[in-house]
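What follows is one structure encoded as C-alpha cells, with my remarks underneath.
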Protein chains: 2
Amino acid sequence: MKAKTDHSASPGDELLRALSALANPHRLRIVAALAGGRNYVSGLAREIGISRPLLHMHLQRLEAARLVSGNLELSEDGKAMKYFEVTSFALALTPETVAEAARTLSAEPPGGQRGREQQQ
Amino acid sequence: MKAKTDHSASPGDELLRALSALANPHRLRIVAALAGGRNYVSGLAREIGISRPLLHMHLQRLEAARLVSGNLELSEDGKAMKYFEVTSFALALTPETVAEAARTLSAEPPGGQRGREQQQ
DNA sequence: TTCATATGTAATGATATTCTTACATGAGAA
DNA sequence: TTCTCATGTAAGAATATCATTACATATGAA
C-alpha cells in the first residue's frame with residue numbers, strides 16, 4: 001500500500017512501470033488523445049468512449065508511470081476540472097537498452113540479485 | 001485460439017503485443033540474458049533462475065511478439081535443443097509514436113473504430 | 001535397464017487486472 | 001430546491017496473467 005508515485009525507483013523499475021502502463025489499448029488511446037491536446041477527465045471519457053470511473057483508473061496508472069500528469073483547475077464558471085496532459089517521455093527499446101535496464105530490476109521477492117546456485 | 005504468431009496485425013496491435021510482452025520482470029531478464037548471447041531453454045532457465053515450464057511460457061509470449069526467436073537444433077551428442085536469440089528490435093516510444101500507433105488499434109470487441117456517439 | 005539430459009504440455013491454484021454499478025461530494029444555473 | 005456537470009471511490013464480478021506440480025516423450029551414457 002505504498003509508492004503509487006514512487007519517486008525513488010531504479011531505472012529498471014521505472015521502465016517496467018512505463019511498459020506496464022502502456023501495455024493496454026485504452027491507455028494507448030488515452031495517451032494518443034492527450035498528445036493531441038490536454039483535456040479534463042469527463043471530456044476525455046466522452047472523447048474516447050469509456051466510462052469515467054474506468055478512465056479514472058487508467059489515468060492513475062499512467063500518472064503513476066509519469067507518462068501523463070494532471071492538475072486541478074477552476075473553470076470560469078467555478079467548476080473544478082482536472083486537466084491531464086502527456087509528459088514528453090521518450091523511451092528507446094532495443095535489446096541493449098532492455099539489458100541495461102534489467103540489471104537494476106528490484107522485483108523477485110525471494111532470492112534477490114545475488115546467489116543463484118542451481119539445485120538439482 | 002488463433003493468431004499466436006499473427007503475421008498480419010496492424011502496427012498498433014504489434015506495438016501493443018510488444019509492450020505487453022516486455023511488461024514483465026522475468027521477460028525483461030530473459031531478453032537481457034539473450035542479448036548477451038543465444039541459449040537453449042534449459043540452460044537459460046538455470047541462468048536466470050526460474051523453472052523450465054515458466055520460462056517456456058514466457059518465451060512463447062516473447063516469440064509471439066517477435067522479440068525473440070528460437071529454433072530446434074541437434075547437439076553433437078544428439079540431444080534436441082531449442083536455441084533462442086533476440087531479434088534486433090527497436091521501438092521508439094514518444095507521445096507522437098504512440099498516437100500514430102493507436103490509430104490502427106483493432107481491439108475493443110463491441111463497437112469498433114466507428115460510431116462512438118455518447119448516450120446519456 | 002536405469003540415469004541424466006533435453007523437449008513440451010495439461011491441470012490447477014493464486015494473484016492481478018479490468019470493468020461495471022452504485023454511491024458520495026461540490027458548485028453554478030434554472 | 002432541483003438539475004446539471006464536474007470530481008472521486010468503494011464493492012463486486014469477470015478475465016487474464018502468472019506460477020507450480022505433474023506428466024509425457026526422446027536420446028545418449030553408464
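Here is the naming used below: chain letters follow the sequence lines, and residue numbers restart at 1 for every chain. Here the structure is a predicted model, which is why all the values come from computation and not from measurement.
Between A/Phe84 atom CZ and D/dA6 atom C1' the separation is 13 Å, expressed in whole Å. Here D/dC18 presents its P atom at 11 Å from CD1 of B/Ile30, a figure rounded to the nearest Å. Protein atom CG of B/Leu72 is 13 Å distant from nucleotide atom C1' of D/dT27, rounded to whole Å. Between B/Leu55 atom CG and D/dT17 atom C1' the separation is 16 Å, expressed in whole Å. Summarising the geometry, the separation between NE2 on B/His56 and C1' on C/dA10 is reported as 12 Å, rounded to the nearest angstrom. Across the protein-nucleic acid pair, B/Asp77 atom CG and D/dA30 atom P stand 11 Å apart, rounded to whole Å. A/Ile50 has its CD1 atom 8 Å from the P atom of C/dC19, to the nearest Å. The distance from atom CD of B/Gln60 to atom C1' of D/dC18 is 14 Å, rounded to the nearest whole Å.
Looking at the side chain of A/His26, the nearest of the listed nucleotides D/dT7, C/dC19, C/dG28 is C/dC19. Comparing C/dT18, C/dT21, C/dG8 against the side chain of A/Pro53 picks out C/dT21 as the nearest. Nearest to the side chain of A/Lys82, among C/dA6, D/dC18, D/dT7, sits D/dT7. Side-chain atoms of B/Met57 lie closest to D/dC18 of the nucleotides C/dT20, D/dT7, D/dC18. For A/Leu54, counting side-chain heavy atoms from C-beta on, the closest listed nucleotide (C/dT21, C/dG8, C/dC19) is C/dC19. Residue A/Ser51 places its side chain closer to C/dT20 than to any other of C/dT9, C/dT17, C/dT20. The B/Asn24 side chain lies nearest to D/dA19 when the options are D/dA19, D/dG28, D/dA6. The B/Arg61 side chain lies nearest to D/dT17 when the options are D/dT17, D/dA6, D/dT9. The side chain of A/Ser42 lies closest to D/dT7 when the candidates are D/dT7, D/dC18, C/dT9.
Residue A/Arg52 places none of its side-chain N or O atoms closer than 4.0 Å to OP1 or OP2 of C/dC19. Here A/Tyr40 does not reach the OP1 or OP2 of D/dT7: none of its side-chain N or O atoms lies under 4.0 Å away. For A/His58 and C/dC19, the shortest distance from a side-chain N or O to OP1 or OP2 is below 4.0 Å.
Between B/His56 and B/Val41 there is no side-chain heavy-atom pair separated by less than 4.5 Å. Within the 4.5 Å cutoff, the side chain of B/Glu73 has heavy atoms near those of the B/Tyr83 side chain.
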Carefully, step by step, assess A/Leu93 and A/Leu19 under the rule side-chain contact (heavy atoms from CB on, under 4.5 Å).
-> CA-CA 10 Å; A/Leu93 294 176; A/Leu19 289 171; 3.7 Å; yes
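We find that A/Glu47 and A/Arg29 are not joined by a salt bridge, their nearest charged nitrogen and carboxylate oxygen being 4.0 Å or further apart.
Under a hydrophobic-cluster definition in which Ile, Leu, Val, Met, Phe, Trp and Tyr are linked whenever side-chain heavy atoms come within less than 4.5 Å, directly or via other members, B/Val68 and B/Met81 are assigned to different clusters.
Here the CZ atom belonging to B/Arg17 is positioned 10.0 Å from the CG atom belonging to B/Leu67, to the nearest 0.5 angstrom.
Residue-level contact check: A/Lys79 touches the bases, meaning some heavy atom is under 4.0 Å from a base atom.
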